[in-house]
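This report refers to the structure that appears directly beneath it.
For the numbers below, each heavy atom of this structure counts, side chains included, while hydrogens, waters and symmetry mates do not. For this chain, numbers begin at 1 and follow the sequence in order. Note that the structure is predicted; figures quoted are calculated from it, not measured.
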Amino acid sequence: MSKRLVKVASELNVGTATIVEHLVAKGYEIENRPTSKVSDEMYLELLKEFQYSIAVKQEADQLVLGNPKPGAKSTLPPLPPLPPLGKVTEKPKEEAPAPKVQEEVVEEVPKKEDVIKAEITEEMKPKVKVVGKIDLDPPKAQKKEEKVSEQEEVPAPQAQKEAEGKEEAGSAATDDKEAPTEKVVRAETPQLQGLKILGKIDTKQFEKKKKEKTEDTESPDAQKRKRKRTRRKVSTADVIRQQGRGRGQRKGKGGPDDVKEVSQKEIEDKIKATMARISGGGKNKRQKIRRDNRAEKREKQELKELEQDNTTVELTEFISVSEFASLMNVSSTDVIMTCMNLGVIVSINQRLDAELIELLADEFDKEIKFVNAEEAVEEVEEEDAPEDLRPRAPIVTVMGHVDHGKTSLLDYIRNATVAEGEAGGITQHIGAYEVKVGEKKVTFLDTPGHEAFTAMRARGAKVTDVVVIIIAADDNIMPQTKEAISHAQAAGVPMIFAINKIDKEGASPERIKQELASMNLLVEEWGGTYQSQDISAKTGLNVDKLLEKISLEAEMLELKANPDRLATGAVIEASLDKGRGYVTKILVQNGTLSIGDSVSAGEYAGRVKAMFNDRGKKIKTAGPAVPVLVLGLNGAPQAGEKVKVYPSEQEAREVATRRSQIAREQTNRASKRISLDEIGRRLALGSFKELNLIVKGDVDGSVEALSDSLIKLSQESVQVNVIHKAVGQIIESDVLLASASDAIIIGFQVRPSLGARKVAEKEGVEIKTYSIIYEAIDEVTKAIEGMLEPDKEEKIVAQVEVREVYKISKVGTVAGCFVQDGVITRNTKIRIIRDGIVIYPTKEGAIAELASLKRFKEDMREVKTGLECGLSVKNFNDIKVGDVIEGYVIEEIAQTLN
């Protein structure tokens with residue numbers, strides 16, 4: 001099993017650079033990165049090479065501060081022999097062992113120096129001459145006084161040890177006397193005075209007194225009762241009888257004989273009433289059921305997590321050090337120290353990227369799984385009880401290619417003209433409308449058909465129950481139609497094909513059905529499973545039949561929702577209104593949304609201040625499958641974000657804050673930094689340019705669609721950067737940002753404020769405003785084409801043959817030529833060709849020019865085909881008869897993105 005390089009380096013006590021250098025020398029391929037994998041074969045090679053380093057580390061690990069463990073031995077290999085110091089005679093010397101004064105016996109362990117000394121042979125010992133001795137002990141007189149004072153307090157075993165020590169000292173002294181006398185230098189050192197024992201106290205006497213006092217306080221009867229105490233079973237009737245006796249005695253209405261007997265039925269009734277009061281009824285009962293369901297789901301989730309591998313941890317990228325430490329069940333200090341060992345300095349609140357998180361997880365022997373921010377904060381969705389579910393209106397999304405009649409169909413159904421209010425007559429927003437079809441209600445979503453609104457169509461398919469694909473009978477199945485079909489299939493929702501414009505000339509519904517069949521989409525008329533209807537949205541032909549098929553499809557789905565719960569839904573659109581603030585169009589999917597609810601949507605949260613339906617009428621509540629316009633959020637969330645109501649505003653804001661933190665880290669740490677390879681490529685390219693844009697729009701969906709379309713226009717030599725995109729009016733801060741970053745401001749259905757216009761004129765910032773997305777994309781495309789370096793092409797304009805050569809002093813070589821083709825001019829760039837090979841200029845990029853061009857004695861601007869001329873070449877005189885002079889020009893051709 002392979003290991004990471006940093007872990008192997010820690011085990012072997014060797015630097016990563018040393019390991020990599022050794023492995024490369026042995027023929028292995030490995031990079032000097034902490035995350036590089038070391039195979040088993042590499043690991044065995046490293047063990048052979050760095051055994052000594054492992055031994056040093058093990059020796060260091062065994063070192064213990066204080067008293068070492070008995071029997072500890074050094075694992076280090078012996079030191080090399082010492083060099084000889086010369087031939088010096090050595091006199092044997094024996095020192096008397098010091099007397100053992102302490103009472104505590106400590107097991108002696110051979111020191112490291114003793115081990116090394118034992119391994120040195122006799123031949124290796126240096127010969128040292130003894131000049132004198134230094135006695136480090138205190139003066140004998142002082143020692144005797146201390147020993148006399150201590151001998152009175154030393155116990156018998158210790159005294160015996162001292163006696164033995166004195167005998168050994170005496171024998172050592174006798175040996176010293178036999179040896180020749182030598183001069184002894186004694187150093188006077190002060191003796192440290194320890195604690196002096198003055199007396200002893202026996203603590204057992206206090207325990208005896210305490211025990212006697214306790215026995216005296218307890219009477220014999222109390223002790224007897226204590227020994228004979230037993231537990232007696234008490235029935236419910238006894239408890240009630242005892243309570244009744246107590247009440248009767250307090251009121252003075254008789255003694256124990258007057259208590260009324262309680263029947264078993266009364267007891268059961270009391271228990272039932274108590275249990276009913278605890279469980280509650282009505283709304284409290286529903287809340288208890290939900291609470292129990294949540295607890296049951298939580299237990300199931302915990303069991304599921306326990307069944308999984310305990311080493312796997314789910315987390316998001318860019319979590320802080322303290323959060324990571326809590327997930328790993330270690331202290332923050334351990335995480336910081338591990339990062340320092342890996343060469344990274346972090347603080348407790350610093351956020352970690354994915355690569356560092358993986359390294360740390362390996363160090364703590366944990367497997368990690370990254371989840372996105374939405375999954376991290378998303379709670380387990382409650383399942384509603386079947387008895388709480390009620391039928392709801394179906395949500396139908398109308399999708400198809402641009403200008404195939406989606407909005408016209410909804411206009412006829414709603415008896416309104418929606419498309420007239422859109423710029424250019426095309427839909428650029430998601431419209432949500434609630435329509436009454438017969439006795440039932442249907443919610444329609446109208447999505448844009450332009451290619452830039454792919455994300456909007458994908459969101460529309462996610463929140464819908466039924467998809468209606470509109471196809472024009474006088475047209476073909478276009479790319480956006482195929483894309484809409486793919487979105488519906490990916491979402492797993494049923495499709496109904498509405499073939500529109502059958503009243504126009506050239507309409508062929510059968511051809512459309514044939515094209516659908518070629519895509520493996522067979523309609524019911526052709527023996528398939530998909531419903532289809534030929535309609536005319538303009539005249540209303542067969543629209544009622546289409547609505548019947550929609551109702552039939554919805555009935556088969558049996559759509560239900562629980563209106564008596566906290567609402568959940570999805571954001572359809574969000575915008576900034578000058579008078580009302582941030583306005584969010586929400587489709588409620590479950591529960592009921594009311595004024596005053598605390599809502600969270602993506603990175604934003606707030607309290608619902610007001611609500612309006614699709615007709616602009618103010619409402620107080622919105623049930624399932626109802627589109628509603630909400631005021632009160634503190635920002636414009638992205639279209640498609642999940643909306644959820646929380647019990648308190650604080651909880652909603654906490655969820656939104658956590659999401660915004662993760663999104664902010666992801667944005668800040670996105671790959672805005674240029675790699676070394678990219679810098680080298682741009683330097684080699686030499687003409688790299690950037691087009692910085694700031695995009696402001698009326699709704700979030702349009703801003704996102706336009707930004708994505710503009711970024712896709714980037715070329716190899718021109719990079720398009722959207723440095724800022726937001727919803728709302730163009731203001732002064734946008735202009736200042738554009739001025740600082742040399743950006744162009746693009747406004748989509750928004751206008752600059754008066755202050756922003758003045759600042760833009762002062763700073764020289766260009767502001768472009770558009771109402772149709774085609775125009776914005778086309779103009780930016782032209783701007784990019786203008787920034788592209790033009791292509792350079794070479795065009796041959798003349799071919800001249802040298803027929804005679806003249807050498808003229810002070811002038812050089814003059815060639816008499818004949819123009820075979822084209823026109824040669826005085827400024828024409830030339831090259832001289834001899835036998836089909838260019839002989840001048842030979843350097844790459846060098847340009848040759850004419851020094852003079854004459855016809856007879858007159859200077860000429862140009863000489864045409866079939867005429868003779870004389871010419872000379874700058875800085876070149878080796879012209880010979882038969883050479884060909886080729887004239888050419890370099891033309892610049894503007895590049896296009898196509």
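- To the nearest 0.5 Å, atom CD1 of residue I777 and atom CG of residue L706 are 6.5 Å apart.
- Residues V699 and V727 form no side-chain contact, since every pair of their non-hydrogen atoms from C-beta on lies 4.5 Å or further apart.
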*Please assess N721 against L693 for the test side chain to side chain contact (heavy atoms under 4.5 Å, CB included), listing each intermediate value before the final yes or no.*
CA-CA 6 Å; N721 298 324; L693 301 175; over 6 Å; no

_Step-by-step side-chain hydrogen bond (donor to acceptor under 3.5 Å, both in side chains) determination, D534 to N500_ = CA-CA 6 Å; D534 301 343; N500 193 20; over 6 Å; no

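- Annotation for K725: atom NZ counts as buried by contact number, over 12 foreign heavy atoms lying within 6.0 Å.
- A salt bridge does not link D698 with R751: none of the charged nitrogens is closer than 4.0 Å to a carboxylate oxygen.
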*Quick one: do R392 and N590 satisfy side-chain hydrogen bond (donor to acceptor under 3.5 Å, both in side chains)? Show the steps, please.*
CA-CA 9 Å; R392 68 167 176 85; N590 202 359; over 6 Å; no

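- E558 and K560 are not joined by a salt bridge, as no carboxylate oxygen comes within less than 4.0 angstrom of a charged side-chain nitrogen.
- Shortest non-hydrogen contact noted between A393 and K441 is CB-O, 3.0 Å.
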*asked:* Checking V468 against I550 for the side chain to side chain contact (heavy atoms under 4.5 Å, CB included) test, could you report, in this order, the C-alpha distance in whole Å, the side-chain angles of both residues, the deciding distance, and whether it holds?
replied: CA-CA 8 Å; V468 175; I550 293 173; 3.9 Å; yes

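- Between V523 and Q531 there is no side-chain heavy-atom pair separated by less than 4.5 Å.
- You'll find the side chain of E515 stays beyond 4.5 Å of the side chain of T481, heavy atoms only.
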*Begin from the C-alpha positions of E553 and K549 and carry the test salt bridge (Lys or Arg N to Asp or Glu O under 4.0 Å) through to its verdict.*
CA-CA 6 Å; E553 201 73 46; K549 291 185 176 181; over 6 Å; no

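- Using a 4.5 Å heavy-atom threshold, the side chains of I413 and L409 count as touching.
- A cation-pi arrangement, defined by a distance under 6.0 Å to the six-membered ring centre and an angle within 45 degrees of its axis, is present between R580 and F612.
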_I485/M519 under side chain to side chain contact (heavy atoms under 4.5 Å, CB included): CA gap, chis, key distance, verdict_ = CA-CA 10 Å; I485 293 171; M519 298 171 60; 4.1 Å; yes

*Could you walk me through whether K538 and D411 pass the salt bridge (Lys or Arg N to Asp or Glu O under 4.0 Å) check?*
CA-CA 9 Å; K538 193 172 184 180; D411 286 350; over 6 Å; no

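- I723 and A743 make their closest contact through CD1-CB, 3.8 Å (heavy atoms, listed as atom of the first residue, atom of the second, distance).
- Of all heavy-atom pairs spanning E732 and S753, the tightest one is OE1-OG, 4.0 Å.
- Using a 4.5 Å heavy-atom threshold, the side chains of I694 and I746 count as separate.
- Put simply, the side chain of Y433 does not reach to within 4.5 Å of the side chain of P627, judged on heavy atoms.
- Applying the side chain to side chain contact (heavy atoms under 4.5 Å, CB included) test between M611 and each of D597, I586, I619 identifies I619 as the sole match.
- Inspection of the D475 and H404 side chains reveals an N or O donor paired with an N or O acceptor under 3.5 Å.
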*Could you walk me through whether E524 and K513 pass the salt bridge (Lys or Arg N to Asp or Glu O under 4.0 Å) test, one step at a time?*
CA-CA 10 Å; E524 287 183 345; K513 294 173 185 177; over 6 Å; no

*Show your working on side chain to side chain contact (heavy atoms under 4.5 Å, CB included) between L557 and V466 and close with a plain yes or no.*
CA-CA 9 Å; L557 295 174; V466 180; 4.0 Å; yes

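- Contact detail for Y412 and G540: the closest heavy-atom pair is CZ-CA, 3.3 Å.
- Counting only heavy atoms from C-beta outward, the side chains of F748 and V695 never approach each other to under 4.5 Å.
- For the residue pair D614 and E434, the shortest heavy atom distance occurs at OD2-N, 3.3 Å.
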*Go through the steps for E779 and Y770 under the test side-chain hydrogen bond (donor to acceptor under 3.5 Å, both in side chains), then give the verdict.*
CA-CA 10 Å; E779 286 214 15; Y770 304 95; 3.0 Å; yes

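- A heavy-atom distance below 4.5 Å is found between the side chains of D503 and T539.
- The number of heavy atoms from other shown groups lying within 6.0 Å of CD (Q489) is above 12.
- Each of L737, I744, V735 was compared with V765 under the side chain to side chain contact (heavy atoms under 4.5 Å, CB included) criterion, and only V735 meets it.
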